[in-house]
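So that the names make sense, note that chain A is the first sequence line, chain B the second, and so on, each numbered from 1. Because the structure is a prediction, the values reported are computed rather than measured.
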Amino acid sequence: MLDLKNIRKSYLLGTVEVEILKGVDLHVDRGEMLAVVGASGCGKSTLMNIMGFLDVPSSGEYLFRGRSAQGLSDEELSHIRNTDIGFVFQQFNLLSRLTALDNVGLPLVYRGVPVKERRERGREMLDRVGMGERWRHRPGELSGGQQQRVAIARALCGQPSIILADEPTGALDTATSRDIMDLFASLNRDEGITVVLITHDPGLAKRCARSVCMVDGLVETV
Amino acid sequence: MILSENIQESLNSLWGAKQRSLLALIGIVIGIGSVIAMVAVGQIVENESIRQFREMGTDVCMVRENVLPGKHGKRGGSAGMSLADVAKVPGQCPAIRTVAPYVNLYSRLTRDGRRVPCPGLGVTGGFRDMFKVPMAEGRFISDLDGYESFCVLGHTKAEWLRAQGAGALVGSDVLFGGRLYTVVGVAGPVLSGSFRPYEINEGIMVPIRLALRLPDRPRIGAFAARMTGSGETGEATRQVKAFFRYTNRMNVDVVGAEDLVAQMERQMRMFTLMLGAIGSIALIVGGVGVMNVMLVSVSERRREIGIRRALGAERKDIQLQFLVESVVLSFVGGILGLLLGVGAVAVICRFTGWEFFVSFLSVLLGVGVSAAVGIFFGYYPARQAARLSPIDALRSE
Ligand SMILES: Nc1ncnc2c1ncn2[C@@H]1O[C@H](COP(=O)(O)OP(=O)(O)O)[C@@H](O)[C@H]1O
Ligand SMILES: [Mg+2]
């Protein structure tokens with residue numbers, strides 16, 4: 001599914017070049033549920049942004065579904081994000097002006113799906129994450145756990161082949177975290193969606209079939 | 001993204017920043033208002049001049065005594081033209097066919113103890129044909145009326161008398177300037193402006209011989225003349241000027257229909273220039289305001305841009321979203337400006353006596369210009385938004 005080979009990423013801080021990813025090798029299989037753990041600031045998000053085509057590596061090769069990501073145009077990258085990838089962020093990243101339902105339908109907006117169909121699909125997705133009753137609410141009227149469920153519904157709405165979740169439970173309490181983890185596990189198990197889950201909580205990582213650890217800009221298998 | 005949703009989205013977001021949006025709108029409102037007023041005034045003047053020709057004909061001119069002291073002229077305080085001299089003009093000047101001299105009176109009209117200020121005109125029988133005065137009732141003043149105390153009521157004054165509860169007007173007596181006049185006719189309403197004295201509507205008309213003998217000794221300062229040709233004032237002007245210089249050592253000015261139109265066009269150019277200047281400055285100010293609103297909006301919504309990009313929005317989707325927002329903003333300004341412009345035209349028409357009218361074309365132009373301002377000044381901010389990289393946008397607070 002995903003193949004990262006010797007991925008490097010460095011940032012220029014003032015005049016100093018700081019290398020965050022120092023040659024990451026990682027392979028993710030179709031249908032897998034993978035946890036990436038590591039201390040805060042070690043570059044997990046940087047890695048995920050590269051995997052999700054939000055950012056580009058400084059060097060290295062990235063194969064997405066067997067296809068090299070190099071030299072893809074902005075339109076092509078947008079298209080891959082739209083159809084193949086579902087993002088779940090720590091801060092939920094819902095649009096506060098829109099209702100839960102319209103937030104969920106957002107990926108379909110950029111496929112030109114008419115509003116009626118989007119809402120139908122949005123309702124299905126909200127039902128799937130147990131938020132069917134709250135479709136009318138705006139993010140500000142929902143709890144953190146509920147917002148994250150809506151965000152997961154949004155990630156699912158475009159029927160992606162992979163979900164990239166960057167510390168999805170980082171802003172939630174333990175009980176809610178467990179519910180969200182259950183949701184990911186069931187999506188992976190019942191629908192065969194590939195899930196890459198980033199977390200700094202080893203407890204959550206244990207619930208994934210496989211986990212890798214990021215140390216000093218490199219990925220090590222645990 | 002579908003356009004109608006983009007429009008709805010942008011209304012939401014603009015409503016979210018009401019104050020800022022409103023400030024930007026002021027410039028657009030004034031700008032579009034001026035543009036609309038400018039175009040409308042141009043068209044009104046064009047209509048006015050057409051109406052001018054249709055109403056009175058192109059062969060009418062106005063002869064006025066030049067009261068400014070000149071080389072050949074007498075100084076101020078002249079006795080004016082004599083009725084006999086004016087009557088000789090058609091015979092002496094081949095270019096002039098008929099004349100209609102008149103004098104202005106100013107007094108009060110009294111009825112049942114109620115008084116209104118009322119202007120009057122001393123007129124000849126030919127006055128009616130010269131100024132195309134329609135009669136609602138009775139007859140017009142005739143040259144055979146001589147020194148009789150007869151009068152014709154103007155439309156507005158007749159209305160006033162009726163409002164006072166007057167019965168049949170023709171045949172009744174009215175008190176004007178301390179003298180009783182018998183009403184012989186009531187004039188219908190006429191369009192004012194052009195050469196027509198406004199007293200035709202607003203005052204009363206009495207025989208000119210009588211008027212000239214009234215105690216305040218009014219004088220003939222002007223008369224209207226119909227020319228034999230179709231409106232070539234050059235020859236008529238020469239002949240009339242020569243006639244008055246020879247008989248009276250008096251300087252006169254002759255104004256033809258085309259002079260009147262030219263004067264109106266000068267007036268229009270002044271309005272157009274003024275409105276054009278105000279309009280373009282206001283549009284630039286408004287445009288910069290729109291640009292500012294949009295730049296702030298883009299920087300405030302970087303995260304939203306990032307989210308949309310993460311969900312698959314292409315650069316052009318983002319660009320369109322912000323462009324639609326700025327067009328919607330200035331479009332709202334355009335609609336308000338439309339109202340302002342129509343109001344301004346109404347005011348101008350009141351001042352000049354022109355007939356109020358706003359064409360579809362000027363409305364279309366205002367709407368078009370406002371959309372253009374939105375696109376022009378919204379392009380740069382929208383482009384800024386579209387150029388943000390997804391990760392930079394997403395990472396901003
Ligand atoms: N745009 C950037 N410019 C400079 N430094 C950055 C940038 N993005 C991330 N970093 C740095 O890279 C490091 C890794 O960040 P991140 O991937 O967010 O870590 P994690 O998600 O593991 O907590 C941090 O030290 C952060 O300061
Ligand atoms: Mg992180």
Side-chain angles (χ1 to χ4, degrees), chain A residues 9 11 45-46 48-57 73-99 102-119 138-139 151 154-158 160 164 166, chain B residues 1-18 20-21 293-294 296-325 328-329 382-397:
Chain A
K9 179 74 184 178
Y11 291 112
S45 295
T46 307
M48 195 203 85
N49 291 335
I50 288 170
M51 293 201 292
F53 299 99
L54 292 170
D55 206 352
V56 285
S73 70
D74 188 74
E75 282 83 39
E76 288 166 313
L77 293 177
S78 300
H79 184 71
I80 294 176
R81 286 197 296 268
N82 186 235
T83 56
D84 274 319
I85 299 172
F87 289 98
V88 179
F89 302 95
Q90 180 175 357
Q91 294 305 328
F92 323 132
N93 278 349
L94 299 171
L95 296 188
S96 57
R97 284 198 314 274
L98 304 185
T99 60
D102 286 338
N103 263 295
V104 171
L106 219 45
L108 301 182
V109 167
Y110 299 108
R111 289 184 202 172
V113 176
V115 63
K116 193 164 162 285
E117 215 177 309
R118 275 193 336 246
R119 293 199 167 142
R138 279 165 222 278
R154 180 179 67 185
L156 290 171
C157 193
L164 298 176
D166 188 354
Chain B
M1 203 167 15
I2 302 153
L3 198 64
S4 68
E5 292 178 46
N6 254 327
I7 290 171
Q8 199 168 349
E9 258 294 286
S10 57
L11 282 171
N12 280 343
S13 118
L14 290 169
W15 188 249
K18 282 187 272 307
R20 201 196 308 140
S21 308
V293 166
M294 292 315 298
V296 173
S297 174
V298 168
S299 75
E300 271 182 358
R301 287 155 70 198
R302 284 167 67 106
R303 202 179 179 91
E304 174 185 334
I305 295 166
I307 294 167
R308 289 180 182 274
R309 295 283 273 138
L311 298 178
E314 291 177 19
R315 290 207 162 117
K316 66 170 172 18
D317 295 320
I318 301 295
Q319 177 150 354
L320 185 68
Q321 182 188 342
F322 282 94
L323 210 51
V324 166
E325 191 168 314
V328 165
L329 178 63
R383 212 177 147 71
Q384 295 284 94
R387 283 163 80 122
L388 275 176
S389 84
I391 187 64
D392 287 341
L394 208 49
R395 214 183 256 129
S396 39
E397 280 318 301

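The distance from atom OH of A:Y110 to atom CD1 of B:I318, rounded to the nearest 0.5 Å, is 5.0 Å. Atoms OG and CZ, on A:S96 and B:R303 in that order, are 11.0 Å from each other to the nearest 0.5 Å. The CG atom of A:N82 lies 12.5 Å from the CZ atom of B:R308; values are rounded to the nearest 0.5 Å. The line from CG of A:L54 to CZ of B:R395 is 10.0 Å long, rounded to the nearest 0.5 Å. The distance from atom CG of A:L106 to atom CG of B:L311, rounded to the nearest 0.5 Å, is 5.5 Å. Note: B:N12 CG to A:L95 CG = 11.5 Å, rounded to the nearest 0.5 Å.
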Start with the C-alpha gap between B:S13 and A:R97, add the side-chain angles, then the distance that decides, and say whether side-chain hydrogen bond (donor to acceptor under 3.5 Å, both in side chains) holds.
CA-CA 8 Å; B:S13 118; A:R97 284 198 314 274; 4.9 Å; no

Residues A:D74, B:R309; criterion salt bridge (Lys or Arg N to Asp or Glu O under 4.0 Å); working and verdict
CA-CA 10 Å; A:D74 188 74; B:R309 295 283 273 138; 2.8 Å; yes

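Residues A:F89 and B:I307 have side chains not in contact (no heavy-atom distance under 4.5 Å, counting atoms from C-beta outward).
For the residue pair A:S78 and B:A313, the shortest heavy atom distance occurs at OG-O, 3.5 Å. Contact between A:R81 and B:A310 at its shortest, heavy atoms only, is CB-O, 3.6 Å.
For A:R111, the CZ atom is densely surrounded, since the number of other residues' heavy atoms within 6.0 Å is greater than 12. More than 12 heavy atoms of other shown residues, nucleotides or ligands fall within 6.0 angstrom of atom CD in A:E76.
The candidate with the highest count of non-hydrogen atom pairs below 4.5 Å against chain B, out of A:I85, A:D55, A:N93, is A:N93.
For a residue to count as touching a neighbouring chain, one of its non-hydrogen atoms must lie under 4.5 Å from one of that chain's; by this rule A:N49 touches chain B with the side chain only. A:R154 touches chain B through its side chain: at least one heavy atom from C-beta onward sits under 4.5 Å away, while N, CA, C and O do not. At a 4.5 Å heavy-atom cutoff, A:L77 makes no contact with chain B through either its backbone or its side chain.
For the pair A:E75 and B:K316, the salt-bridge criterion is not met [side-chain N within less than 4.0 Å of a carboxylate O].
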